[in-house]
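Accompanying notes for the structure given below.
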Protein chains: 2
Amino acid sequence: MTHRITVHEVLIAVFQVRTFTAAQGPELAVLLWQRAREPEEGSWSLPGGVLATDEDLSTSARRQLAEKVDVRTVAHLEQLSIFSDPDRVPGDRRIASNFLGLVPISSDPTLPVDTAWHPVARLPATSFDHGTVVRHARTRLVAKLSYTNIAFALAPVEFAMSTLREIYAAALGYQVDATNLQRVLARRKVLEATGRTSPSGKAGGRPPALYRFADASLRVTDEFAALRPPGQA
Amino acid sequence: MTHRITVHEVLIAVFQVRTFTAAQGPELAVLLWQRAREPEEGSWSLPGGVLATDEDLSTSARRQLAEKVDVRTVAHLEQLSIFSDPDRVPGDRRIASNFLGLVPISSDPTLPVDTAWHPVARLPATSFDHGTVVRHARTRLVAKLSYTNIAFALAPVEFAMSTLREIYAAALGYQVDATNLQRVLARRKVLEATGRTSPSGKAGGRPPALYRFADASLRVTDEFAALRPPGQA
DNA sequence: ACAAAAGTGTTCGTGCTACACCCATGG
DNA sequence: CCATGGGTGTAGCACGAACACTTTTGT
């Protein structure tokens, strides 16, 4: 155990809201690729790989991700925690920096043959600790949906509130009310009305107004739950 | 630049609420040591050092910290972000995992001669990017004070609300109302009354009731600011 | 006209702040 | 008995959840 090598790797949990079964409606999905060789042949892994000498973590994440998906479709990428257990993988010691990546519902990038989207609620057998990493990333995403504008990276450029409601419901894992969603996001100035409407669907119904996100980068919108600075009641 | 070595280091921002000038009252302080040799001789650095082969990050943080302060006084230690810019320090590439450590106001550990507490509001010249690291850790601490019980690691075992108020005010950087502080923390079941009181001070006054924190480890107390799961209004 | 989908309004509860007022002690 | 500090009560506001009601479209 003495002259063991330590390498630093990056693992990216890329999420997108996708429809798998028409009955169930859209679900949160994660991008995985299937290992063709040992170790853990056949199991599903997160995109990622070893950090190069002269790149920082997010540069590396983008480079590794490019092998599996067109990175231009990744609307948001941020570093989460680190998995540093010396025995988390066999062989050389690998310290993993875990990233969260988000792809808007409107894009459908072409994938390599070994790569596919999987619903996070029904993960296949995953490699090493990657299942834990995915669940952790999902937990962080759910939390951030409640106090940031992070949904901008899951939504199309313009959208009806009913679409946004479906996106939130899929990502959170429970139903949300489109009315209240609209009001919460409007109050925080996360959402803007475009002033335009979309044609109504085949079953009729009032044509929905179109909205867009005010910002295209992460913003904390509810900084202090309690103990605010004086005068900011 | 090709055969450059990459090492992984740990940096710990240890905070404590301390009184420097009687006029100003208690302030948030950070533990720093002064470099005796190049590079950056004379500047002040965070405790830390290179990760060993068979330890995980928090084990390493504890080990590095032991060189500067009695680790038994560190009531809370957690990993924050990572600083991975290839050129953040000269020489070998160093990836830094940034930790937050907290020491209760009631302990006053003995320190090596090169080590001292500095008010975060008046930092001396710091080494490399350590000033940025300190400010980042402070920002995280402030945020966590508003939605977790993290103050347990800054407070004594038992305390009057006025003491806790001073601790929060010092850590947050602005005044808080002891009455409301008590109510917010009580509602969240963060605080418990001991049922006992402390003798009143030299100027008289009603003797304060003593409280303690219900938990001695980090707990999130305000998970969803908005978009709660249905039925949890 | 009617169904379907979107949008508006209203009620209710809760959490937080601010501040006035009451209580217990030492000198 | 009064200054000092601690504790309690209360009013007001802002936010969010739930849900009924109205509006706008297609058939």
Side-chain angles (χ1 to χ4, degrees), chain A residues 25 145-148 158-169 172 174-211 220-233, chain B residues 25 145-148 158-169 172 174-211 220-233:
Chain A
L145 282 168
S146 100
Y147 67 91
T148 73
E158 298 192 352
F159 46 84
M161 281 312 300
S162 56
T163 305
L164 193 62
R165 193 199 67 75
E166 284 185 333
I167 292 169
Y168 269 85
L172 291 170
Y174 51 82
Q175 292 305 310
V176 294
D177 182 314
T179 300
N180 293 333
L181 180 61
Q182 202 277 336
R183 272 198 279 244
V184 167
L185 298 180
R187 180 165 26 230
R188 298 177 177 181
K189 307 234 188 316
V190 168
L191 233 50
E192 287 176 352
T194 64
R196 298 185 302 111
T197 59
S198 155
S200 54
K202 57 175 181 292
R206 178 170 170 171
L210 290 175
Y211 294 84
V220 174
T221 58
D222 195 38
E223 197 168 4
F224 296 102
L227 308 177
R228 303 186 251 283
Q232 315 222 3
Chain B
L145 281 169
S146 99
Y147 67 90
T148 72
E158 299 192 351
F159 47 83
M161 283 311 301
S162 56
T163 305
L164 193 62
R165 193 200 65 77
E166 285 185 334
I167 292 168
Y168 269 84
L172 292 170
Y174 52 82
Q175 292 306 310
V176 294
D177 182 313
T179 299
N180 294 333
L181 180 61
Q182 201 278 336
R183 272 198 278 243
V184 167
L185 298 180
R187 182 168 23 232
R188 298 178 177 180
K189 306 235 189 317
V190 167
L191 232 50
E192 287 176 351
T194 64
R196 298 187 301 112
T197 59
S198 155
S200 55
K202 58 174 181 288
R206 177 169 169 172
L210 290 175
Y211 295 84
V220 174
T221 59
D222 194 37
E223 197 169 4
F224 294 102
L227 308 176
R228 302 188 250 283
Q232 315 223 3

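Just so it is clear, the values below take in all heavy atoms, side chains as well, and ignore hydrogens, waters and symmetry mates. Per chain, numbering begins at 1; letters A, B, ... match sequence-line order.
Side-chain atoms of B:Thr179 and base atoms of C:dT17 include no donor and acceptor less than 3.5 Å apart.
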Exercise. Which letter, B, S or -, goes with each nucleotide of nucleotides 21-27 of chain D from 5' to 3', with contact meaning a protein heavy atom under 4.0 Å?
Worked result: --BBBSS

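Looking at A:Leu181 and A:Tyr168, their side chains come closer than 4.5 Å, going by heavy atoms from C-beta outward.
When all heavy atoms of B:Ala160 and B:Pro208 are compared, the closest pair comes out as CB-CB, 3.5 Å. The two atoms that bring B:Thr179 and B:Asp177 nearest to each other are N-OD1, 2.7 Å, heavy atoms only. Contact record, A:Ser198 with A:Leu210: CB-CD2, 3.9 Å, taken as the closest heavy-atom pair.
Remark: C1' of C:dC16 and CG of B:Leu185 are 12 Å apart, rounded to the nearest angstrom. Between A:Asp177 atom CG and D:dA20 atom P the separation is 12 Å, expressed in whole Å. Per the geometry, CG belonging to B:Leu210 stands 12 Å off C1' belonging to D:dG6, to the nearest Å. A straight line from CD of B:Gln182 to C1' of C:dA18 spans 16 Å, rounded to a whole angstrom. If you measure from atom OH of A:Tyr168 to atom P of D:dA17, you get 12 Å, rounded to the nearest angstrom. Taking atom CD of residue A:Glu166 and atom P of nucleotide C:dA6, one finds them 9 Å apart after rounding to whole Å. Whole-Å rounding puts the B:Leu181 CG to D:dG7 P distance at 12 Å. In this structure, CG of B:Asn180 is placed 13 Å from C1' of D:dA11, rounded to the nearest angstrom.
At D:dA14, none of the side-chain N or O atoms of A:Arg187 fall inside 4.0 Å of OP1 or OP2 (strictly under the cut-off).
When heavy atoms are screened at a 4.0 angstrom cut-off, B:Ala209 is found touching the sugar-phosphate backbone but no base atom. Here A:Arg188 lies in heavy-atom contact (under 4.0 Å) with sugar-phosphate atoms only.
The side chain of A:Ser162 has C:dA6 as its nearest neighbour among D:dC19, C:dA6, C:dA18. Side chain of A:Val184, nearest nucleotide from C:dT17, C:dC19, D:dG16: D:dG16.
Of the residues near DNA chain C, B:Arg183 and A:Thr163, the one whose nearest nucleotide (by heavy atom distance) lies more toward the 5' end is A:Thr163.
Screening residues 180-189 of chain B for salt bridge (charged side-chain N to carboxylate O under 4.0 Å, His left out), with sequence neighbours left out, gives B:Arg188-B:Asp222.
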